[in-house]
Structure formats: structure tokens, C-alpha cells
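Let me begin by presenting the structure, written as C-alpha cells, before commenting on it.
We number each residue from 1, following the sequence as shown. Since we're looking at a predicted model, the values are computed, not measured.
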Amino acid sequence: MKAILQKISFLILCALLLCAVLPGRAAAGFEIPGTCQVQTESGVSYTVKTLDHEYGGNTYLSLRDLAVVLTDTEKAFSLEITKNAVLLNPGEVYTAVGGENDLWEDDEMPNVNLRRNELKLGGEPVNYYTIIMMQPSGYYDCFMMAADLAMILDMEIKVPADGFLEIHTQKPFRMTPAELEQAGYFCGVNGVVVGDATTGEIYYQYQSGLPWPIASTTKLMTCLLTMDAMAAGQVSPEDLVTVSEGARLLSVSSDGVIPLTAGDRIPVKDLLLGALLPSSNECALCLAEAVAGSEENFVGMMNRKAAELGLSQAVFFNSHGLPVYTQGPVPAKLQNRMSAQDMFRMVSHLLNVYPRVTEITSLKSADLESLGLEVRNSNPLLYNLPEVTGLKTGTTNKAGACLVTSLTADDGNLEHDLVVVVLGAEDSVERARVSGLLAGYALDAFWEGRGDMGTGTGLNSGELPVHAEAAVDWILKTAGKY
């Protein structure tokens with residue numbers, strides 16, 4: 001009997017170990033290896049290795065294979081790839097390392113994850129999502145989505161049939177929202193608006209009138225009310241704000257960004273930088289308490305400002321955008337919300353009244369002297385497009401991944417602020433990609449409509465309310481980046 005029990009125990013233990021091992025191995029096999037045929041204007045067809053990330057059709061292409069394909073074209077590039085870093089140099093000659101344009105080995109099963117590896121374009125850091133893996137040759141290869149490479153090299157990529165790509169190196173990359181919508185691309189987002197904040201002209205919108213949770217893009221309203229208070233002389237950048245117990249508790253929670261201690265005194269300028277760049281929820285709460293005395297009073301100001309601006313779908317419950325739970329045996333989970341159209345209208349007001357706010361939101365990093373910290377901007381497009389000047393990221397489970405992007409474009413008479421609002425993307429990967437595609441479209445639409453854009457109705461920096469203008473100067477100088 002004892003021997004039987006021992007055998008049963010052994011079998012149960014084996015079963016438990018098997019259950020523990022198998023999910024781990026299955027979870028690691030996210031990439032599906034494959035190939036496609038790629039052809040340039042030369043007419044020669046090349047085999048390019050691919051990896052489908054998590055789902056079939058979510059395809060990333062081998063950069064080493066593509067480097068060979070583009071050799072002797074206007075879009076040639078060289079590559080240096082290590083375990084977690086890529087240096088891509090446009091216009092340089094690629095040196096093959098072996099294995100390029102070959103089929104996958106029969107026993108190759110990639111065990112890698114999609115991540116934002118360190119990627120430099122001509123020596124300058126950019127933010128695109130890539131997959132890096134080691135080849136049988138011992139060299140690393142990097143896999144990138146075709147659309148991202150098309151944006152980087154500004155070349156046209158067409159898909160005439162499954163498993164086949166055409167690259168037109170002499171044609172610039174162009175992708176209109178109408179094409180994307182027809183292909184179902186925007187099924188992965190909640191709402192979109194692309195337009196000129198200076199003139200109010202809308203270039204494109206998708207589900208723009210429906211209200212959606214907006215996560216940390218809420219902080220743009222917090223910034224607007226803080227700038228209003230500065231313009232009125234009610235607060236100044238050097239005013240010291242005492243950190244409340246509520247702000248301390250928020251900073252030590254799972255949603256905390258910057259560690260704060262109750263009773264500490266932090267200048268408004270550092271709180272504004274903390275809220276806008278790394279998206280500190282605790283800094284936003286401190287600003288609300290500094291401007292209105294309490295977050296409850298500040299939320300009242302937020303909703304009154306929304307009504308004043310005609311934001312018909314906007315409702316605010318807090319200053320930072322995290323969920324708010326109601327009291328009761330079955331608490332409701334409330335989130336700040338507005339439509340993409342409302343967001344465009346609010347951001348247009350912010351940029352027109354306080355245009356120099358983009359000098360803050362375009363900072364890639366800043367020094368918070370009072371806290372002895374350097375913070376980095378969470379906006380990925382600041383690294384990818386030179387025209388980008390801000391503005392704000394946001395993410396919660398319900399809101400998805402949101403990004404409000406501002407870009408500058410000059411028509412020869414006036415500098416315009418273009419705005420791209422993307423609410424509710426599936427994740428940060430898609431948030432960056434769809435925002436990048438639409439930012440490129442916004443610039444194209446601006447230049448194609450040049451001469452019909454009007455002279456604009458926004459205030460230039462010389463017309464900034466005097467206290468707010470001085471405040472921006474002070475913030476930039478003390479951020480150590482001015």
C-alpha cells in the first residue's frame with residue numbers, strides 16, 4: 001500500500017511540474033517565423049525572413065535581409081546590432097555577416113520578446129519597437145515592422161499580394177487615414193482627430209464625438225488651469241507647495257512615479273515638469289491642491305473650464321486621470337472622459353493662449369532641482385519626428401494607450417500648431433505607430449493645403465499673458481535645458 005501511495009505521489013508531482021513547465025514554454029513562443037518576397041525597382045526578388053509577433057499577420061521583417069535588398073539604391077543603410085541595441089546609418093554601405101536572405105533553419109524557434117531596444121538612426125536615438133535575436137551564425141538580427149522602416153527611410157512600401165512586398169525607393173512614404181480606415185486599422189483605437197489648432201481646421205476624424213476615458217492626458221487640463229492661475233498672478237513657478245498625505249500615498253502606490261514625502265515643500269515649476277514629462281500623478285495632485293486648495297475644488301474648476309470651452313462630452317473626477325472608486329458595497333470605477341473632438345478643442349485653446357507651453361512639453365528630459373532628480377519625457381514621438389513639440393501620453397486599462405501630439409509647421413507667414421489626438425490604442429506600440437502615421441499625414445495635409453489655411457487666430461508668444469510668459473521662462477531656465 002505504501003509503495004502504491006509513493007507511486008501516486010510521484011505521478012502527481014510529475015503532473016504538477018509538467019503543468020508548471022508547459023505554460024512557460026508556450027508563453028515564450030510568441031514569434032512565428034516565416035518569409036516573404038521583397039522587390040525593388042530593379043525587379044529582382046529577394047527572400048526576407050519575417051517574425052509574426054503574437055498573432056499571424058503582425059509581421060516584422062529582418063533588417064539584415066532588407067539591408068541587402070536596398071544595397072545600391074537611394075535608401076541603402078548600414079547596420080550594427082548587439083543584444084539589445086541597433087545602429088542604423090542611412091546612406092552607408094551594408095557589410096553582410098552571413099545568412100542574409102536565407103530561409104529559417106528547420107530547428108529555429110525564436111524565443112524573444114518585442115521591446116523598445118536602444119535604436120539609433122544616424123547616431124541619434126529614436127523610439128521604435130523592434131525584435132532582436134541571435135542568428136545561427138552568431139550575429140544578431142533585428143526585426144522591424146515595414147511601416148516603421150518606411151517612415152524612417154521615407155520610402156513607399158506596397159503589398160500587392162500575401163507574402164509579397166514592393167519597395168519604391170524613389171517615392172516618399174504616404175499613407176492617408178482614409179486608406180487606413182478602409183483597411184480597418186482604426187478598429188484598434190477609440191477615437192482620432194487630426195487638425196490645425198491654429199486655424200481650427202480638422203483634417204481627419206474617426207469616432208471623434210464619442211466620450212472615452214482619457215487617462216493621463218487629463219494632465220493637459222491640469223496644466224491649462226495651472227497656467228491660468230499663473231497668468232492671473234495667483235501662483236508663481238517658485239511658490240513652494242507642501243506635499244499632502246494624499247500626494248504621498250499616491251506616490252508610494254503602484255501608480256506612483258516620483259517619490260514624495262508628506263511635508264516636503266516643492267516649487268510649482270518642478271511639479272509642472274513632473275506632471276507633464278514623466279506623467280507624475282502625485283505632482284498633478286500637488287498642483288491641484290496648490291491652485292484650488294483641494295482636489296475637490298480643483299475638479300470643480302476642471303468641469304467649469306470644460307463647460308466654458310464647450311467640451312460637451314468632458315467629465316472630470318480628479319486631476320491626474322487614474323480611476324476613481326465610489327463608496328459602497330459594489331463601488332463603481334469612474335474615469336475622466338471626453339471625446340477626441342473635445343480634446344482637440346481643449347488642446348487648441350491651450351496652444352493658442354499659452355503657445356510657449358510646447359517649450360516645456362518638447363523637453364526630452366529636465367532636472368527637478370528640489371528633488372534631486374532628472375526626469376524623462378514619456379512621449380516617444382519626440383525622438384522620431386523633428387517637428388513634434390509635445391504633448392502628453394496616458395494609459396489605463398479602460399482608456400487604453402492614449403497620446404496627444406503637437407507638431408509645428410510654418411507656412412511662411414505664421415507658425416502653426418498641428419495636433420493629433422489618438423484615444424484608446426491597444427497598447428503603447430500601436431499608440432506610437434498610429435500617432436506617427438497620423439503626424440506624417442498632418443504635415444502632408446498642411447503643406448498640400450498651403451495658402452488656404454488662413455492667417456490663424458491664435459496668440460503668438462509675444463501676446464502671452466505676462467505672468468505666464470515669465471513662468472515659462474523660469475521653468476525652462478531652472479530645468480537646466482534652456
Side-chain angles (χ1 to χ4, degrees), residues 53 60-64 66-67 70 75-92 94 112-133 139-155 173 257 273-274 276-280 358-368 373-395 401 403-408 420 422 425 427-440 443 476 479-482:
H53 178 65
Y60 289 69
L61 288 78
S62 162
L63 283 186
R64 289 200 181 276
L66 288 170
L70 295 174
K75 301 302 180 180
F77 61 88
S78 66
L79 279 173
E80 294 179 27
I81 308 174
T82 61
K83 184 177 181 180
N84 56 9
V86 181
L87 176 60
L88 190 155
N89 293 312
E92 295 190 357
Y94 175 68
V112 291
N113 286 319
L114 179 69
R115 57 183 182 271
R116 187 181 288 167
N117 299 289
E118 180 183 330
L119 176 62
K120 290 185 178 180
L121 182 63
E124 294 298 319
V126 291
N127 278 347
Y128 291 93
Y129 288 82
T130 57
I131 300 171
I132 292 179
M133 64 167 292
Y139 288 93
Y140 288 97
D141 198 357
C142 176
F143 293 77
M144 175 179 283
M145 188 162 276
D148 292 343
L149 187 63
M151 286 190 281
I152 287 174
L153 298 180
D154 193 23
M155 61 185 185
F173 177 75
V257 177
L273 287 166
L276 289 176
L277 272 59
S279 198
S280 165
T358 58
E359 295 182 43
I360 299 173
T361 58
S362 63
L363 294 173
K364 293 179 181 177
S365 63
D367 298 321
L368 306 187
L373 293 175
E374 182 184 46
V375 294
R376 295 187 62 79
N377 201 318
S378 60
N379 185 349
L381 293 194
L382 281 174
Y383 300 87
N384 298 352
L385 294 171
E387 299 88 353
V388 171
T389 57
L391 282 167
K392 191 72 197 67
T393 57
T395 306
L403 179 57
V404 180
T405 304
S406 59
L407 309 98
T408 184
V420 174
V422 174
D427 53 32
S428 58
V429 178
E430 283 306 310
R431 171 178 70 185
R433 187 168 293 125
V434 68
S435 296
L437 290 167
L438 291 174
L443 291 168
L476 291 170
K481 307 295 176 183
Y482 189 55

Is it true that atom CD of Glu92 has more than 12 heavy atoms of other residues, nucleotides or ligands lying nearer than 6.0 Å? yes
Count the heavy atoms belonging to other residues, nucleotides or ligands that lie under 6.0 Å from NZ of Lys364, then report whether that count exceeds 12.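 Yes.
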Would you name the heavy atoms of [X] and [Y] that are closest together and state the gap between them?
X      : Y      : answer
Leu407 : Thr389 : N-OG1, 4.0 Å
Asn89  : Gly123 : OD1-N, 4.1 Å
Thr130 : Asn117 : OG1-ND2, 2.7 Å
Leu382 : Thr361 : CD1-O, 3.7 Å
Pro380 : Asn127 : CA-ND2, 3.6 Å
Ser435 : Val420 : O-CG1, 4.4 Å

Could you state the interatomic distance from [atom1] ([X]) to [atom2] ([Y]), rounded to the nearest 0.5 Å?
X      : Y      : atom1 : atom2 : answer
Leu153 : Leu70  : CG    : CG    : 7.0 Å
His53  : Ile131 : NE2   : CD1   : 6.0 Å
Lys83  : Tyr140 : NZ    : OH    : 5.5 Å
Thr82  : Ile132 : OG1   : CD1   : 6.0 Å
Leu381 : Thr405 : CG    : OG1   : 4.5 Å
Leu79  : Tyr139 : CG    : OH    : 13.5 Å

Donor-acceptor pair, side chain of Asn377 and main chain of Pro278, under 3.5 angstrom: no
Quick check: does any side chain N or O of Lys120 sit under 3.5 Å from a backbone N or O of Pro125, one acting as donor and the other as acceptor? no
Mind checking side chain to side chain donor-acceptor pair (under 3.5 Å) for Asn379 and listing every partner two or more places apart, or none if nothing turns up?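 Applying side chain to side chain donor-acceptor pair (under 3.5 Å) to Asn379 gives none.
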Residues [X] and [Y]: side-chain donor-acceptor under 3.5 angstrom:
X      : Y      : answer
Lys392 : Ser279 : yes
Tyr94  : Arg64  : yes
Thr358 : Ser406 : no
Ser428 : Tyr129 : yes
Arg431 : Thr395 : yes

With a 4.5 Å heavy-atom cut-off, do [X] and [Y] have their side chains touching?
X      : Y      : value
Leu119 : Met144 : yes
Asn84  : Glu118 : no
Val404 : Thr393 : no
Leu61  : Phe143 : no
Met155 : Phe173 : no
Val388 : Thr408 : no
Leu368 : Glu374 : no

Partners of Glu430 by salt bridge (charged side-chain N to carboxylate O under 4.0 Å, His left out), sequence neighbours excluded?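 Result, salt bridge (charged side-chain N to carboxylate O under 4.0 Å, His left out) vs Glu430: Arg433.
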